[in-house]
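Here's the structure we're looking at; comments come further down.
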Amino acid sequence: MKYQSLNGEWSYRIGKGAKTSVTVPYSCLAVGHSECELCFDLEQKSEHIFLEFLGITYEASVYLNETFLGKMLPYSEYRFEIGEIAKQKENILRVELEDIKPKFGPTEGWENFGGIIRDVGILYADSFYFEDVFFWTDLKNNYKDAEVNVQIKASLDKECDVKLFLKGKEICAFKQSSNTEAVAVAVNGVELWSPDSPTLYQLEVSCGEEKYCHNVGFREITCDKHAILLNGEPCFIKGVCKHEMFGDSGHTPTVEQMETDLRMIKNAGCNFVRLVHYPHNKKILDLADKIGLMVSEEPGLWWSDTSDKEVAEGSIEVLKRTIMRDRNHPSIAFWLCFNECRFTEQFLIDSAKACKEYDPTRMVSGANCMSLEDTKKYYNICGFDFYTMHPYAPTFERSKISAEYLTDKPLIFTEWGGYYVYDNPHLLKDFIIAMKKLFVNRSDEAALAGMCFWEWSELNDFNRGRPACIDGVLREGLTDKYRNPTMIFPAFCEALSEEVDNDFTKLYEYEQLCEFSGKPMTGTGGKDFAECLTSVDEPIPEYRIRMRARKTAVGPKLQKQEVEAIATTPFVVANDYPVVFSGDGECDSINIIGAVAMPYGYPIAGEYGEAVAEVEVTFENGEKQIFGLKNGVDITTVLTTLGSSRINPVAENAKPFAKFSYEKNRENYQINMLNLAFGEVKSIKEVTVRCVNEKYNILIYGIYC
């Protein structure tokens with residue numbers, strides 16, 4: 001088809017007022033009813049002539065030479081055949097716009113802009129022309145090869161030439177008839193499209209002089225029980241929610257502004273952009289294909305009542321037109337049927353059906369903030385492929401509960417963040433790390449397939465008030481509305497780039513506090529250390545509130561053998577669980593490394609001076625000597641933090657031997673050295689340590705004589 005642009009200066013008036021002018025495409029604050037008019041000549045004669053609009057907001061009636069052509073819904077492409085109406089000279093095109101009254105289109109979620117927001121033009125076609133071309137692939141042989149499918153809808157039934165190029169080299173060529181079922185054609189050794197390697201092929205479909213060209217790619221996005229799979233591999237969706245508005249320009253961003261957005265998003269560490277909450281200019285899909293960003297699209301709903309027939313039917317029509325427009329783009333990951341709506345079951349069924357009918361190759365869902373119970377129920381009724389949730393909250397608890405409940409399909413947080421984190425980079429970073437852990441550790445208990453931060457850039461909103469809105473701007477963005485980074489932007493980038501590692505032992509720190517000498521003894525017996533970790537998490541009655549948040553991942557064991565023959569995992573002396581150390585050597589005292597309790601012990605709990613344990617030393621000559629160990633005198637707690645504060649556990653007869661921690665915010669410990677003197681040099685046979693108070697678990701890392 002040949003193209004004649006109708007962009008440029010049009011006559012414009014608000015209501016039935018005086019006429020001024022406007023440059024199409026344009027976007028302006030909502031004015032109610034307005035009219036745009038253009039007088040134009042046809043540049044040529046043709047068998048078929050089409051008037052094409054690429055997008056308006058929010059409802060339009062189109063007239064040519066006073067003949068009504070039809071109505072248009074927002075953001076969508078429309079073509080009207082005008083060959084029998086148009087004259088060669090002085091055609092009068094009038095577009096009557098409504099930007100406040102329509103039920104479907106204007107929302108209260110952001111500032112509304114009316115206008116003819118995208119290109120307008122004339123298409124000239126001969127008897128044969130392409131109406132639609134649908135390209136899809138089936139990847140084979142562990143993603144090394146593929147089958148190419150091309151379905152051609154045209155004005156006439158004809159045989160077409162289909163060619164596929166990579167970097168200018170023809171990869172395959174075949175014949176395909178229009179208006180028939182596609183026939184799979186094998187292509188070997190394909191290069192896959194992904195955010196890491198966005199390889200694009202060029203599809204060319206021709207018949208005579210008529211030609212259709214489009215960038216395409218080989219990639220597969222599916223799901224298993226817990227994860228989204230990209231080309232067969234689990235892929236954590238790391239994205240942002242991006243509106244089309246740039247500054248105060250409404251829905252007419254330049255290509256340069258679109259590219260600025262996508263490159264900033266990609267450089268931040270994202271692999272995905274949720275294009276909210278309406279179809280964006282299709283040029284952004286070309287950029288996403290090229291740059292390597294997965295995207296999703298949706299029809300323009302925000303807290304809309306889908307029980308209203310006009311709203312439901314309008315949104316599904318826009319969804320269909322968007323799918324037809326964009327389904328050949330490899331960057332499209334999935335379709336979202338709605339955003340945070342007052343939905344009906346029938347709307348969910350109808351919207352999911354429309355997506356599957358117009359694009360059976362992609363997954364479908366909806367961006368959702370309904371209850372967990374309703375989410376599971378209705379997403380399964382309508383056949384959505386994965387769950388979504390918007391777990392806005394000041395802590396991660398709501399996100400965690402969602403991940404624990406919605407486990408039979410992949411779960412994506414299609415929104416999170418908002419005013420809870422917009423001025424708190426540390427909290428934002430913690431949220432992202434926690435989400436990434438749910439992906440890395442995905443299981444039947446809790447899992448997450450991806451997350452999309454709300455929001456990429458600030459935008460005008462005069463509805464919500466504080467704390468979300470300040471001075472008419474929704475201040476929840478990673479950038480301001482002119483794309484200057486906000487205070488949380490660096491933390492977002494850092495968190496996306498950091499590797500998730502649940503092994504807290506890598507954050508281990510150890511400090512030796514004193515030296516000693518002696519010969520190590522060999523120990524046996526005691527209670528299982530893992531069983532005793534639960535006691536660290538149990539609140540001690542008089543410190544219940546301060547201890548409530550304590551969770552132990554590693555416990556007071558050493559990461560490595562810091563001193564020769566000291567056990568990394570201590571012997572636990574508990575009620576009915578003595579520990580016996582044996583060895584041969586002559587000495588006048590023994591050094592007990594440990595002499596701490598878990599978690600009881602001075603100064604956290606227990607009475608000062610109460611009996612805790614006894615140490616029985618048996619000598620080679622059969623004699624025995626018994627030492628009583630008391631709380632606060634010989635024994636302290638192993639903990640050096642209580643609640644939010646550091647503490648200093650001091651025992652009169654013991655001295656600190658070493659301090660160690662596993663991430664200072666989590667676990668901090670101290671072990672002591674207790675010297676027990678015999679009064680003279682003796683030959684030792686064995687040392688037995690017994691607990692005499694059931695509240696205590698005594699930790700011994702080694703005994704030296």
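Heavy-atom basis, side chains included; hydrogens, waters and symmetry copies ignored. Computed from a prediction, not measured in an experiment: that's the story for all the values here.
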- Query: Quick check: are there more than 12 heavy atoms from other residues, nucleotides or ligands sitting under 6.0 Å from CD of E84?
  - Reply: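 Result for CD/E84: open.
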- When you measure from the centre of the six-membered ring of Y358, is the NZ or CZ of R327 under 6.0 Å away and within 45° of the axis?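 Here R327 fails the 6.0 Å and 45° test against Y358.
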With under 30° as parallel and over 60° as perpendicular, where do the rings of [X] and [Y] fit, or are they tilted in between?
X	Y	result
H390	Y392	perpendicular
F338	F343	parallel
W416	F453	perpendicular
F128	F130	perpendicular

- Item | Partners passing side-chain hydrogen bond (donor to acceptor under 3.5 Å, both in side chains) against E297 (at least two apart in sequence or in another chain) |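 side-chain hydrogen bond (donor to acceptor under 3.5 Å, both in side chains) list for E297, sorted by chain: R325.
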Between side-chain atoms of residues 85-92 and protein atoms elsewhere (two or more places apart, or another chain), which donor-acceptor pairs fall under 3.5 Å?
| unit_1 | atom_1 | unit_2 | atom_2 | d |
| --- | --- | --- | --- | --- |
| K87 | NZ | E90 | O | 3.4 |
| Q88 | NE2 | L42 | O | 3.3 |
| N91 | OD1 | N65 | ND2 | 3.1 |
| N91 | OD1 | K87 | N | 2.6 |
| N91 | ND2 | F40 | O | 3.3 |
| N91 | ND2 | K87 | O | 2.6 |

- Query: Going through the distances and angles, do D248 and Y482 end up as a side-chain hydrogen bond (donor to acceptor under 3.5 Å, both in side chains)?
  - Reply: CA-CA 9 Å; D248 299 308; Y482 302 105; 3.1 Å; yes
- Taking every non-hydrogen atom, the tightest pair across F135 and V148: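 Scanning both residues, the minimum pair turns out to be CE1-CG1, 3.5 Å.
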- Minimal non-hydrogen separation, L29 against D99, with atom names: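 For L29 and D99, the tightest heavy-atom pair comes out as O-OD2, 4.5 Å.
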Between [X] and [Y] (salt bridge meaning N to carboxylate O under 4.0 Å), is one present in this structure?
X	Y	value
E35	K19	no
D326	K282	no
R274	E298	yes
K481	E458	no
R118	E244	yes
R342	D308	no

Checking the side chain of [X] only, and the main-chain atoms of [Y] only, is there a donor and an acceptor separated by less than 3.5 Å?
X	Y	answer
T20	Y12	yes
S304	C341	no
S178	K158	yes

- Using a distance-only test with no angle check, is there a side-chain donor-acceptor pair under 3.5 angstrom linking E108 and W303?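 Looking only at side-chain atoms, W303 and E108 do not form any donor-acceptor pair under 3.5 Å.
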- Task: Determine whether I323 and C355 make a side-chain contact, defined as any pair of heavy atoms from C-beta on separated by less than 4.5 Å.
- Result: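 They are in contact (side-chain heavy atoms under 4.5 Å apart), so the answer is yes.
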- Assess the pair F334 and F272: is the distance between their ring centroids shorter than 6.0 Å?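 Aromatic pair counts; centres sit under 6.0 Å.
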- Message: Ring centroids only, cut at 6.0 angstrom: are H329 and H214 within range, meaning strictly under it?
- Response: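 Between H329 and H214, the centre distance is under 6.0 Å.
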- Pick out which of T57, N112, I56 makes a side-chain contact (heavy atoms from CB on, under 4.5 Å) with H251.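 Only one option passes, and that is T57.
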- Message: Consider side-chain contact (heavy atoms from CB on, under 4.5 Å). Of K238, M294, R219, which one does P195 pass it with?
- Response: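 Only match with P195 under side-chain contact (heavy atoms from CB on, under 4.5 Å): M294.
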- Task: Provide the full list of salt bridge (charged side-chain N to carboxylate O under 4.0 Å, His left out) pairs with a residue in residues 253-264, sequence neighbours left out, each pair given once.
- Result: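 Pairs touching residues 253-264 that pass the test: K242-D261, E259-R263, D261-R483.
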- Message: Name the residue from F53, F113, Y278 that meets the ring pair (Phe, Tyr, Trp, His ring centres under 6.0 Å) definition with Y75.
- Response: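 Among the candidates, only Y278 passes.
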- Task: Calculate, to the nearest 0.5 Å, the distance between atoms SG and CG belonging to C270 and L478 respectively.
- Result: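 Going from SG on C270 over to CG on L478, the span is 8.0 Å.
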- Query: Stepwise, does the side-chain hydrogen bond (donor to acceptor under 3.5 Å, both in side chains) test hold for N328 with Y212?
  - Reply: CA-CA 12 Å; N328 287 340; Y212 170 92; 2.9 Å; yes
